Protein chains: 2
Amino acid sequence: MDRKTSDGQAGPLPPSGERPTLKTIAFMTGLGITTVSRALKDAPDISSETKERVRLVARQIGYQPNRAGVRLRTGKTNVISLILSLEEEIMGLTSPMVVGISEVLAATQYHLVVTPYRAQDNALDPVRYVLETGAADGVIISRTEPKDPRVALMMERNFPFVTHGRTEMGLVHPYHDFDNERFAYEAVRKLAERGRKRLVLLQPPPYLTFYLHMRAGFERGIRDFGATALPFNTVNLDNSLADIRGAAEAMFAAGDGPDGIVSGSGSGAVALIAALEAGGRRLGQDIDMVSKEPHMFLQWLRPEVMTMREDIRLAGRELAKAVLARIEGRPAEELQTLSYPIPTGEV
Amino acid sequence: MDRKTSDGQAGPLPPSGERPTLKTIAFMTGLGITTVSRALKDAPDISSETKERVRLVARQIGYQPNRAGVRLRTGKTNVISLILSLEEEIMGLTSPMVVGISEVLAATQYHLVVTPYRAQDNALDPVRYVLETGAADGVIISRTEPKDPRVALMMERNFPFVTHGRTEMGLVHPYHDFDNERFAYEAVRKLAERGRKRLVLLQPPPYLTFYLHMRAGFERGIRDFGATALPFNTVNLDNSLADIRGAAEAMFAAGDGPDGIVSGSGSGAVALIAALEAGGRRLGQDIDMVSKEPHMFLQWLRPEVMTMREDIRLAGRELAKAVLARIEGRPAEELQTLSYPIPTGEV
DNA sequence: CAAATCTTCTGTATCGTTACAGATTTGTAT
DNA sequence: ATACAAATCTGTAACGATACAGAAGATTTG
């Protein structure tokens, strides 16, 4: 039972330093550094009594593995990289997203590193950086394109990642997405139910995948509910609110404008409302609108607008869970989820 | 001139691996690893010809120092930790803040790690974590309290940090802050100019430093412009919008309410507007309001509200610059900045 | 011309961790 | 007894970078 506390050997030197390391525990328990390491990761060749003893000491002195040591030796960074477009900032998606991700990572050893990029042209840069420097174990990207070079690159390198948004390359990869098709379809339905027939869509920029979805849902609605789609292509959700407002004002001034609007974002809706009201239209009377609603802004300040909520925080949680699962080797096809529009208070 | 390319020595082994390291460069140049390391950091005992040669090769093969190696050896993490309260999420401050910080860090080797905490009670946890594990070289915290234990702790340990918001402990530390005193004072002035005399303030939670500032500015305005402050203490900016609305509705229902409101946040203003309109008041007629305005929401949907902008992105930039400077040893007293309300379009 | 000095370069040890190849003890089979 | 296997434990080397203490050759000094 009582193994001699080996001494006199080339035993580990006293720890001395500040923060406890494996050496500290080895010294305190009289075990070898290797044994301590293996005990802490529950290796099969360590007696359960020793494991217990090591764990106890480790807990007592508040041992936490040195990340640099682990990373240098194993290559495991314990980092998830969230790659953000600065455009997203405008839409205010970042905050709840980060919160959702953090909620999941909090229970793990993972840290969240945020890496933004400027223009869509540079979207590949941060991904390359992570791949080349091994800066993270997994990556979360958003604003996917149908043929997304980032996805192609990471799949080719077999690097764990998840996308916020789908792609159309015939490649199976983890994603979480909001069902923008359904959103737009339901939006058209609501407008049609109010007798609106001449509809416009404030849509995403055309190179993003969710443009296709939103557009498809919109057009399916148009067909199913016998409405007409008017063009509104001069601006999209990536334009500044001032530009959106400007374009919308021009449209209303041209006369013969829409009697129903679907807005792909809450802030976009604000610009549209400003424009239509500047043009003398009255919401709920001359024209109706359906929009995504990030907060309660529209619901409270323009209750005439019908709103649906997209739960970005949930998206963050799903995305984080998916990368982690991917890192652990779960197959990509099990890591694809959709979320659906949440109806907010009806008028 | 031509130093013999030393060979036959215990020269470095071929690099072989994927990513180039110092060893790779050493092998390619025929120099020692140490020499390469010192050449790259422009040490004085390396000839400028060698430096040039090393730099050239390093650039050619795209050498980037291994972060884990540096971190393990030197303790330098090249990480800035942004410690966030989940409460901030609600106010949507995170996004532009992260963007601002990233803008500054992009030009450096630093990565940004986001570490959120749940309740105000746990605010100390992430700070302790960073201090104990050495997870970062510098920390950015916000939501400071007059006697902030995080500040005390980090100063005691002489750990580089900057706060978003000031403290009142007689400790000199780097900060960036928005002048909420001025904001509230100017807000009262605007209301007084419109003849409003019975004012309420939707204020921050009382334990935060900027409560004191906003309150002070408000009350100074009250005195200077001969108005009256009505109590509105049941809720603050940390409460949910629903709660704020509820409390405001109760206030209006009680009769004899305010004829002017100062709202410390844009989203809070929305709740207040919803409440006052539900109570039959009309903005700009029965009552006036001044608010911070994060976007264009208020300006476009309730142009009657007078707004001022707080540039959070700028705050992010200033905070990042300050931690970096502090890490480089600049004295704290040189790293204290204030930003001022930006008037948005007048009615 | 030997000694001292300067210039430039390099090997060794180390940070904390883990993979790997033993080592030691104990128990089992022959 | 002797060999063999099982159960536990441990030293060494390595990941990539840098601090430190030389080392080798060239140059100056008296």
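Residue numbers start from 1 in every chain, and the chains themselves are labelled A, B, ... in the order their sequence lines are given, proteins ahead of strands. Values in this document were obtained by computation on a predicted structure and should not be read as measured data.
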Would you kindly check whether a donor in the side chain of A/Arg73 faces an acceptor in the base of C/dT17, or vice versa, at under 3.5 angstrom?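 For A/Arg73, whose side chain was compared with the base of C/dT17, there is no donor-acceptor pair (under 3.5 Å).
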Is B/Glu334 salt-bridged to B/Arg330, going by a charged N under 4.0 Å from an acidic O?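 Counted as a salt bridge, because a side-chain N and a carboxylate O are separated by less than 4.0 Å.
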Taking 4.0 angstrom as the limit, do A/Arg150 and A/Glu145 come out as a salt bridge?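 Salt bridge: no.
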I need the minimum non-hydrogen distance between B/Val79 and B/Ala135, along with the two atoms involved.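 Heavy atoms only, the tightest pair is CG1-O, 3.6 Å.
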Among B/Leu324, B/Val113, B/Val139, B/Thr108, which residue satisfies the side chain to side chain contact (heavy atoms under 4.5 Å, CB included) criterion with B/Ile80?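 With B/Ile80 as partner, B/Leu324, B/Val113, B/Val139, B/Thr108 yield a single side chain to side chain contact (heavy atoms under 4.5 Å, CB included), made by B/Leu324.
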Given A/Phe161, which of A/Val151, A/Leu319, A/Val127, A/Val130 fulfils the side chain to side chain contact (heavy atoms under 4.5 Å, CB included) condition?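 Result for side chain to side chain contact (heavy atoms under 4.5 Å, CB included) with A/Phe161: A/Val151.
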Starting from [atom2] on [N], measure out to [atom1] on [X] and report it in whole angstrom.
X: B/Leu31; N: D/dA17; atom1: CG; atom2: C1'; result: 16 Å
X: A/Lys51; N: D/dT8; atom1: NZ; atom2: C1'; result: 11 Å
X: A/Asn78; N: C/dT18; atom1: CG; atom2: P; result: 11 Å
X: B/Glu18; N: D/dC15; atom1: CD; atom2: C1'; result: 16 Å
X: B/Leu22; N: D/dT18; atom1: CG; atom2: C1'; result: 9 Å
X: B/Ile33; N: D/dC20; atom1: CD1; atom2: C1'; result: 16 Å
X: A/Lys23; N: D/dG11; atom1: NZ; atom2: C1'; result: 14 Å
X: A/Leu72; N: D/dA14; atom1: CG; atom2: P; result: 13 Å

Check every strand shown and say whether A/Asp45 touches a base, only sugar-phosphate, or nothing at a heavy-atom separation below 4.0 Å.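 A/Asp45: base contact, heavy atoms under 4.0 Å.
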So what does B/Thr74 touch, heavy atoms closer than 4.0 Å: a base, only the sugar-phosphate, or nothing?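 Since only primed, P, OP1 and OP2 atoms lie under 4.0 Å of B/Thr74, the category is sugar-phosphate.
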Contact under 4.0 Å: [X] side-chain N or O vs [N] OP1/OP2:
X: B/Thr21; N: D/dC15; value: no
X: A/Lys41; N: C/dT18; value: yes
X: A/Ser47; N: D/dT8; value: no
X: A/Ser37; N: C/dT17; value: no

Here's a test of your reading of the structure: between B/Gly69 and B/Pro44, which maps to the more 5' nucleotide of DNA chain C?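 Nearer the 5' end of the strand: B/Pro44.
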So which one's nearest nucleotide on DNA chain C is more toward 5', B/Ser48 or A/Tyr63?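 On the 5' side of the pair lies B/Ser48.
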Per B/Thr34 side chain, nearest of listed nucleotides C/dC9, D/dA19, D/dG16: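 Selected nucleotide (nearest to the side chain): D/dA19.
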From the list D/dC9, D/dG16, C/dT10, which nucleotide is the closest neighbour of the side chain of A/Thr50?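 The answer is D/dC9, which lies nearest to the side chain.
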Could you tell me which nucleotide pairs with D/dG30 by Watson-Crick or G-U wobble geometry, both distances under 3.5 Å, or answer none if nothing does?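 Per the H-bond distance test, C/dC1.
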